[in-house]
Amino acid sequence: MDLFFCILAKISSFPVSNIRNKYVAKVKPGEHSLVIPLGAKAKINIEKNTSDIPTGIYKLELMDISGITWKTDIAKE
């Protein structure tokens, strides 16, 4: 299984207990992604042993259904 599909499988089984929703519109795991409805806001805690991931700068990109994206860099030290 390539990395893309491995990541999709992990996102679809993302633990609801690691999502702290702020508003009535809830962020939740979907079949292939996190479902982030319009007006939703949540803090997402990614609990993963990252020791096997090399140190560096990684990009997180979120895209909504219309194609609008939000991007940020994440540093792994």
Side-chain angles (χ1 to χ4, degrees):
M1 182 183 304
D2 73 15
L3 180 60
F4 177 75
F5 290 107
C6 182
I7 290 169
L8 283 180
K10 290 180 181 181
I11 290 174
S12 65
S13 62
F14 194 84
V16 176
S17 60
N18 288 5
I19 302 172
R20 298 223 172 138
N21 286 291
K22 305 285 184 182
Y23 302 130
V24 173
K26 307 287 187 207
V27 174
K28 61 184 178 184
E31 185 176 350
H32 300 291
S33 64
L34 288 178
V35 177
I36 306 172
L38 183 64
K41 182 177 182 180
K43 183 175 184 177
I44 298 172
N45 183 26
I46 300 172
E47 293 179 354
K48 164 108 174 74
N49 180 353
T50 59
S51 61
D52 58 337
I53 299 173
T55 299
I57 303 293
Y58 294 86
K59 298 196 178 294
L60 172 66
E61 181 175 345
L62 303 176
M63 180 187 302
D64 76 6
I65 195 73
S66 71
I68 296 172
T69 59
W70 174 85
K71 300 175 186 178
T72 191
D73 290 336
I74 299 173
K76 200 260 181 182
E77 300 174 350

Do you know the tightest heavy-atom contact between Pro29 and Val16? CD-CG2, 3.9 Å

Check: Asn18 main-chain N/O paired with Asn45 side-chain donor or acceptor under 3.5 Å: no

Please tabulate, for side-chain N and O atoms in residues 69-77, each donor-acceptor pair with protein atoms closer than 3.5 Å (sequence neighbours left out).
unit_1 : atom_1 : unit_2 : atom_2 : d
Asp73  : OD1    : Lys59  : NZ     : 3.1
Lys76  : NZ     : Thr50  : O      : 3.0
Lys76  : NZ     : Ile53  : O      : 3.0

Checking Ser66 now: which residues fulfil side-chain contact (heavy atoms from CB on, under 4.5 Å) with it, not counting sequence neighbours? Asp64, Ile68

To the closest 0.5 Å, what do you measure between CD1 (Ile44) and CD1 (Ile36)? 5.5 Å

Extract all donor-acceptor atom pairs below 3.5 Å that involve side chains of residues 19-28 and protein atoms in other chains or at least two apart in sequence.
unit_1 : atom_1 : unit_2 : atom_2 : d
Asn21  : OD1    : Val27  : N      : 2.7
Asn21  : ND2    : Val27  : O      : 3.4
Lys26  : NZ     : Tyr23  : O      : 3.2

